[in-house]
Visitor: 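Here it is, the structure, as structure tokens.
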Amino acid sequence: MADHVVSLTKRLRQEIPSCLATGVVDMATGMLLTYETTDTHPAEVLDLLAGATLDLFQGRTVTMIEDVFKERRGISSAEHYFQEILVNSTNLTHLFIRNTMNEDVVVVVVCPKSVNIGMLFAAARRVVKELRAF
């Protein structure tokens, strides 16, 4: 799996226009499995990325919302509703995509805010789909 995750981050960096950084987060362990970036970042920031990703997708309030919708719709599945999240900060766009084959794996892509969001989604989805078997 390790080689596959590294290959995924490299492909994302190569194929997404203006990509500044990519990473893969394991939601089960709360760890950043790998990352590739054009810049250096303090270790504290990289450590916090995994926790922030976990909060975005499976934080207490998020899971409460999912549980309410499941209850109202009569769904007993453990599947998560939130599959993709786009976050714009002052200068950057952050895309988080949950792996459809393994919900515990989330891919993170960071680009300048000027990125074409449609191209970002299309390229990221394509790469994740092609390399999703992990």
Visitor: Which value, rounded to the nearest 0.5 Å, describes the distance between L32 atom CG and L49 atom CG?
Guide: 5.5 Å
Visitor: Quick one: does any side-chain atom of K70 pair with a main-chain N or O of Y81 as donor and acceptor, under 3.5 Å?
Guide: no
Visitor: Under a single-linkage definition using a 4.5 Å side-chain heavy-atom cutoff for Ile, Leu, Val, Met, Phe, Trp and Tyr, are V106 and V109 assigned to the same hydrophobic cluster?
Guide: no
Visitor: Mind checking the CE-CZ spacing from M119 to F121? Nearest 0.5 Å is all I need.
Guide: 13.5 Å
Visitor: More than 12 heavy atoms of other residues, nucleotides or ligands under 6.0 Å from NZ of K113: yes or no?
Guide: yes
Visitor: If we ignore hydrogens and angles and just use 3.5 Å, is the side chain of S7 paired with the main-chain N or O of D3 as donor and acceptor?
Guide: no
Visitor: Check for me, please, whether L95 and V62 land in the same ILVMFWY cluster - side-chain distances under 4.5 Å, paths through other members count.
Guide: no
Visitor: For E84 and R98, run salt bridge (charged side-chain N to carboxylate O under 4.0 Å, His left out): C-alpha distance rounded to whole Å, both residues' side-chain angles, the deciding distance at 0.1 Å, then the answer.
Guide: CA-CA 6 Å; E84 299 173 339; R98 190 187 293 270; over 6 Å; no
Visitor: Could you tell me whether the side chain of Q83 and the main chain of H80 form a donor-acceptor pair under 3.5 Å?
Guide: yes
Visitor: Closer than 3.5 angstrom, by distance alone: can the side chain of R13 be matched with the main-chain N or O of T22 as a donor-acceptor pair?
Guide: no
Visitor: Under the side-chain contact (heavy atoms from CB on, under 4.5 Å) criterion, do T37 and L20 qualify, and how do the steps go?
Guide: CA-CA 6 Å; T37 180; L20 299 173; 5.7 Å; no
Visitor: Working to the nearest 0.5 angstrom, can you tell me the gap between E66 CD and E79 CD?
Guide: 9.0 Å
Visitor: If you apply the rule side-chain contact (heavy atoms from CB on, under 4.5 Å), what do you find for V110 with C19, and how did you get there?
Guide: CA-CA 6 Å; V110 181; C19 183; over 6 Å; no
Visitor: Would R126 and R11 satisfy side-chain contact (heavy atoms from CB on, under 4.5 Å), going step by step from the backbone distance to the final call?
Guide: CA-CA 10 Å; R126 181 178 36 74; R11 286 268 316 271; 4.3 Å; yes
Visitor: Please report the closest heavy-atom contact between L120 and C111, naming both atoms and the distance.
Guide: CD1-SG, 3.9 Å
Visitor: If you define the side chain from C-beta out and look only at heavy atoms, does anything of I117 sit under 4.5 Å from L86?
Guide: yes
Visitor: Got a second to check how far I65's CD1 is from R60's CZ, nearest 0.5 Å?
Guide: 11.0 Å
Visitor: Tell me whether V25 is reachable from Y35 by hopping between hydrophobic residues (I, L, V, M, F, W, Y) whose side-chain heavy atoms are closer than 4.5 Å.
Guide: yes
Visitor: Show the nearest heavy-atom pair for residues G30 and A50, with the distance to one decimal.
Guide: O-CB, 3.2 Å
Visitor: State yes or no: do I16 and L92 share one hydrophobic cluster built from I, L, V, M, F, W and Y residues joined by side-chain heavy-atom distances below 4.5 Å, directly or via other members?
Guide: no
Visitor: Using 0.5 Å steps for rounding, measure from the OG atom of S76 to the CD atom of E71.
Guide: 12.0 Å
Visitor: Are any of the side-chain heavy atoms of Q58 and E103 separated by less than 4.5 Å?
Guide: no
Visitor: Within this structure, what is the CG-CG distance for the pair D26 and L54, rounded to the nearest 0.5 Å?
Guide: 10.0 Å
Visitor: Do V127 and V105 land in one hydrophobic cluster if side-chain heavy atoms of ILVMFWY residues count as linked below 4.5 Å?
Guide: yes
Visitor: With side-chain contact (heavy atoms from CB on, under 4.5 Å) as the criterion, how do L56 and F96 come out once you've worked through the C-alpha distance, each side chain's angles and the decisive distance to 0.1 Å?
Guide: CA-CA 9 Å; L56 279 172; F96 300 82; 3.7 Å; yes
